[in-house]
Amino acid sequence: MAGTATDVTRVLNGEVGYHEGFTNGHWNNKQKYSAAVPGLEWSDYQAWCCTFTSWAFQTAGMPKGSYPVTASCATATNWWKQAGRWSEYPAVGAQVMFGPGGGSHTGIVIAYDATTITTIEGNTNVSGSAEGDGVYRKVRQRRDTYVYGYGYPAYPGGIKSADPDWKNPTTEEDPMAGITPKDIFNAVWKTDGIAAPTDAADLKTNPNWQALSVLRDTQARVRSMDKRMSAQTAAITALAKLAGGGANTAAIVAAVEKAIADAVIDVNINTKES
């Protein structure tokens, strides 16, 4: 799980109906959650509503340090306040704290409206006691004096809150997210968006070229130009040598033509470069 409010709600819903141990005609606070939360193993057989919320956040994949790990409601309340994630308004996925100073009981909000909060709570019962027998889904009045406040986990993408002043972190979408170097290469070099050279052999059938084709054509033309310049230099050199040796005109022309033919290599602009 990714540790979202939806993940937390899914975990909580799966626990509704769970009951603690029962011996000698009494519920005994023996439950499975203490042993599953590192550091809270000692809390088995103790009041376990806050242990249950710690377990729920952990099981949903919330990162360590993003929620209080404690069996004490008072400690959890202080943790949320010190973290700057405390509100008097409900939010989906928030830990709701009950009683004076938030130290009596706790659960997690899974929904709210203008007047009520829907919670899932451990160590409660049908009547909503702070010392109950299992995990229950409860509907409570938002403005009941028993509701002290709410701790807001730092869920990815923020939290759905009734608090008009609560500001979720804003994240700008990365325009390059998911784009690979190959995608960039293909977009730049392999998109038909450049007019083909007017002397291209396939101009009629292929009027637009990829940038990569244009680059290859430019390279080929430059290479051809370099070779022609070399040919001219060779021809002039040969001409000078022959002229200096008293050769006839026909021999000079033949020598120049041969030098050019030897130096100039035709380049097919459609030939793939290796």
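Worth saying up front: this structure is predicted, and the values here are computed from it rather than measured. Just so it is clear, the values below take in all heavy atoms, side chains as well, and ignore hydrogens, waters and symmetry mates.
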Tell me, please, which residues at least two apart from Lys30 pass salt bridge (Lys or Arg N to Asp or Glu O under 4.0 Å). Asp44

Are side-chain heavy atoms of Ile117 and Val96 found at a separation under 4.5 Å? yes

Scan residues 98-116 for pairs that pass salt bridge (charged side-chain N to carboxylate O under 4.0 Å, His left out), counting only residues two or more places apart or in two chains. none

When rounded to the nearest 0.5 angstrom, what distance separates CG in Asn123 from OG1 in Thr53? 11.5 Å

Are side-chain heavy atoms of Thr124 and Cys49 found at a separation under 4.5 Å? no

Please list, chain by chain and in numerical order, all residues satisfying salt bridge (Lys or Arg N to Asp or Glu O under 4.0 Å) with Glu20, sequence neighbours excluded. none

Apart from Tyr45 itself, which Ile, Leu, Val, Met, Phe, Trp or Tyr residues share its cluster (side-chain heavy atoms under 4.5 Å, direct or through members)? none

Taking only residues two or more places apart in sequence, or in another chain, which ones meet Tyr67 in a ring pair (Phe, Tyr, Trp, His ring centres under 6.0 Å)? Phe57

For Trp27, what are the other residues in its hydrophobic cluster, where any two members join if their side-chain heavy atoms are less than 4.5 angstrom apart? Phe22

Grouping ILVMFWY residues whenever side-chain heavy atoms fall under 4.5 Å, the cluster of Val139 otherwise contains none

Check for me, please, whether Ile120 and Tyr136 land in the same ILVMFWY cluster - side-chain distances under 4.5 Å, paths through other members count. no

Is the Tyr33 ring parallel, tilted or perpendicular to the Trp48 ring (thresholds 30°, 60°)? parallel

For the pair Glu15 and Arg137, evaluate salt bridge (Lys or Arg N to Asp or Glu O under 4.0 Å) and give the outcome as yes or no after the intermediate values. CA-CA 10 Å; Glu15 296 304 303; Arg137 183 179 293 105; over 6 Å; no

Treating Gln141 as the side-chain partner and Arg143 as the backbone partner, does any N or O pair qualify as donor plus acceptor under 3.5 Å? no

Keeping the roles fixed (side chain from Ser224, backbone from Ala220), state whether a donor-acceptor pair exists under 3.5 Å. no

Going through the checks in order, is the side-chain hydrogen bond (donor to acceptor under 3.5 Å, both in side chains) test met by Asn78 and Thr75? CA-CA 5 Å; Asn78 290 333; Thr75 299; 5.8 Å; no

Lys160, NZ: over 12 other non-hydrogen atoms inside 6.0 angstrom: no

Contact check, side chains of Met62 and Pro153, non-hydrogen atoms, under 4.5 Å: yes

For atom CD of Glu88, is the number of surrounding heavy atoms from other residues, nucleotides or ligands below 6.0 Å larger than 12? no

Spell out, as yes or no, whether a donor-acceptor pair under 3.5 Å connects the side chain of Tyr150 to the backbone of Met97. no

Residue of the set Gln31, His19, His26 for which side chain to side chain donor-acceptor pair (under 3.5 Å) holds with Asp133: His19

Can you list every pair that meets salt bridge (charged side-chain N to carboxylate O under 4.0 Å, His left out) and has a residue in residues 64-75, with sequence neighbours left out? none

May I have all residue pairs that pass ring pair (Phe, Tyr, Trp, His ring centres under 6.0 Å) and include part of residues 78-98, sequence neighbours excluded? Trp86-Tyr148, Phe98-His105, Phe98-Tyr146

Report yes if some heavy atom in the side chain of Leu12 is under 4.5 Å from a heavy atom in the side chain of Ile110; otherwise report no. yes

Here the gap from Gln58 atom CD to Leu40 atom CG, rounded to the nearest 0.5 Å, amounts to 8.5 Å

Please check if any side-chain donor atom of Ser87 sits under 3.5 Å from a side-chain acceptor atom of Tyr152, or the reverse. yes

Please check this pair: side chain of Tyr18 against backbone of Lys32, looking for a donor-acceptor N/O pair closer than 3.5 Å. yes

Please name the pair of heavy atoms, one in Val92 and one in Ala111, separated by the smallest distance, quoted to 0.1 Å. CG2-CA, 4.3 Å

Kindly say whether Pro68 contributes a backbone atom to a donor-acceptor pair with the side chain of Ser54 at under 3.5 angstrom? yes

pair Val11-Trp55: side-chain heavy atoms closer than 4.5 Å: yes

Could you pull out the closest heavy-atom pair between Trp166 and Ser161, with the gap in Å? CB-OG, 4.1 Å

Check: Gln46 main-chain N/O paired with Ser43 side-chain donor or acceptor under 3.5 Å: no

Any pair with a residue in residues 120-130 that passes salt bridge (charged side-chain N to carboxylate O under 4.0 Å, His left out), sequence neighbours left out, goes on the list, sorted by first then second residue, please. Glu121-Arg140

Where at least one partner belongs to residues 47-59, residue pairs that pass salt bridge (charged side-chain N to carboxylate O under 4.0 Å, His left out), sequence neighbours excluded: none

Say you draw a straight line from CZ of Arg221 to CE of Met225; how long is it, rounded to the nearest 0.5 Å? 9.0 Å

With no hydrogens and no angle check, do the side chains of Ser34 and Glu41 hold a donor and an acceptor under 3.5 Å apart? no

Just how far is it from atom OG1 of Thr116 to atom NZ of Lys138, taken to the nearest 0.5 Å? 13.0 Å

Within-4.5 Å side-chain heavy-atom neighbours: Cys50 and Cys73: yes

Looking only at non-hydrogen atoms, find the nearest pair between Ala56 and Ile108 and report the distance. CB-CD1, 4.0 Å

Cut-off 3.5 Å, side chains only: do Asn125 and Ser127 have a donor facing an acceptor? yes

Go through the structure and list residues passing salt bridge (Lys or Arg N to Asp or Glu O under 4.0 Å) with Arg142, not counting sequence neighbours. none

